[in-house]
Amino acid sequence: MTESQLSSIPRWKALLAESLTTAGQLADHFGIAADKLAPVIKSFPMRINPYYLSLIREPGDPIWRQAVPDPLELNDAAGMADPLCEEATSPVPGLIHRYPDRVVLLATEQCAMFCRFCMRKRRVGSMTWEDRLDATVDYLTRTPAVREVVLSGGDPFMLDDGVLARLLARLRAIAHVRLLRIHSRMPCTLPQRVTDELVRVLQDAQPLYLNIHFNHPGEITTHVREACRRLADAGIPLGSQTVLLKGVNDDPAVMHRLMETLLAMRVRPYYIHQLDRVCGTAHFRVPVERGLAILQHLRGRISGMGVPHYMIDLPGGGGKVPLIPAYIVEKQPDHWVLRNFEGRTFHYPLR
Ligand SMILES: *Cc1c(COP(=O)(O)O)cnc(C)c1O
Ligand code: SF4
């Protein structure tokens, strides 16, 4: 390649092209044996871009666990490929219509880093969406109940700026679709993706909300702060989603630090997700009691804006429900007994 061709490639794409994708590359990088990892990567693809790789401090740390394959992925007999029955709630391929008013559009199958715990593990790394776009827009156009389209994937920011702009414009052109939302992990896993051009594309599609997936305070670097600053300065409302993961963030102090750091970046914590029972992820599972204990820890100790909802996505396609620590201790006809964040109880008169 010539110098000028090289410089015309955006930096984020150049970084992506240098990702580790094979057991051999991983073994060379960390000086570990490749033989146990190759079969895992064959079942569930690996991609660790050089930026996310640089966040790993030592084998087994919270960043490593999210990115580096583990032979335990092949030992999970209880998990299902599609526990949420997303395939059954797809009116057209790549679209999930479970709630009356909003749909999820799987905009791509690609990600800047393939998370080892991914809920869409069964399909990440395979097909393309552009052929399905006409059918998708057609379905949305004749389904006026849909008020919001959530772009997910894969990672929608893996699309080129021009492609993303065209997709957003086609969705914007559907009059009854009021809100657009993007769920992306790239401002966290490859913050170089947040270019001025991308920010302009998002500004042109307002009202558009962006939820970024963060799982650990170690993911927050000066690059990430800068990316969030640009997005927030451009008027894009930012939220975050976190997946509760064993050995990563199943600790009240870690979650506290994460939520506090996000708020300071103008990113509002939205959901903590209980991990779905997806095949190959059993070693990340955290008991629900632990999740509730984390929520209970946060409430009262951090700004209410920093306390996300703790959600379970019901198996069988029932949708998401929030789990809330028990603050109602007792219900009497004339009063309830309520527990505060410190565990003290109070009488609340009903009349
Ligand atoms: C999570 C999800 C949504 C969005 O739900 P919110 O609670 O509005 O964030 C919509 N559709 C499907 C299928 C989902 O899984
Ligand atoms: S970025 Fe999201 S879709 Fe991609 S692998 Fe991670 S969790 Fe899955």
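Every number for a ligand or one of its atoms is a count from 1 in the order of the listing. Because only heavy atoms are used, hydrogens play no part in the values below, and waters and symmetry mates are left out as well, while side chains stay in.
Side chains of M186 and M158 form a contact here, defined as non-hydrogen atoms less than 4.5 Å apart. Looking at L180 and L151, their side chains never come closer than 4.5 Å, going by heavy atoms from C-beta outward.
Shown in contact with Y270 at under 4.0 Å from a heavy atom are these atoms of ligand 1, numbered in order with element: 6 (P), 7 (O), 8 (O), 9 (O). Taking every non-hydrogen atom of R102 and a distance limit under 4.0 Å, the qualifying atoms of ligand 1 come out as 4 (C), 5 (O), 6 (P), 7 (O), 8 (O). Taking every non-hydrogen atom of Y271 and a distance limit under 4.0 Å, the qualifying atoms of ligand 1 come out as 6 (P), 7 (O), 9 (O). Counting atoms of ligand 2 from 1 in the listed order, those under 4.0 Å from a heavy atom of C111 are 1 (S), 3 (S), 4 (Fe), 5 (S). Those atoms of ligand 2 with a heavy atom of G154 less than 4.0 angstrom away are 3 (S).
L231 contributes atom CG, which lies 9.5 Å from atom CZ of R266 (distance to the nearest 0.5 angstrom).
Residue-ligand proximity: R181 is placed with a non-hydrogen atom under 4.0 Å from ligand 1. Contact analysis puts I96 in contact with ligand 1, with a non-hydrogen atom separation below 4.0 angstrom.
Residue contacts with ligand 1, taken as heavy atom pairs separated by less than 4.0 Å, involve K320 solely via side-chain atoms from C-beta onward.
One side chain, N215 or H213, offers a donor N or O that lies under 3.5 Å from an acceptor on the other.
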Task: Check against side chain to side chain donor-acceptor pair (under 3.5 Å), S19 and N49 - done: CA-CA 4 Å; S19 297; N49 72 62; 5.4 Å; no

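A salt bridge links E226 and R229; the closest N-O separation between the charged side-chain nitrogens and carboxylate oxygens is under 4.0 Å.
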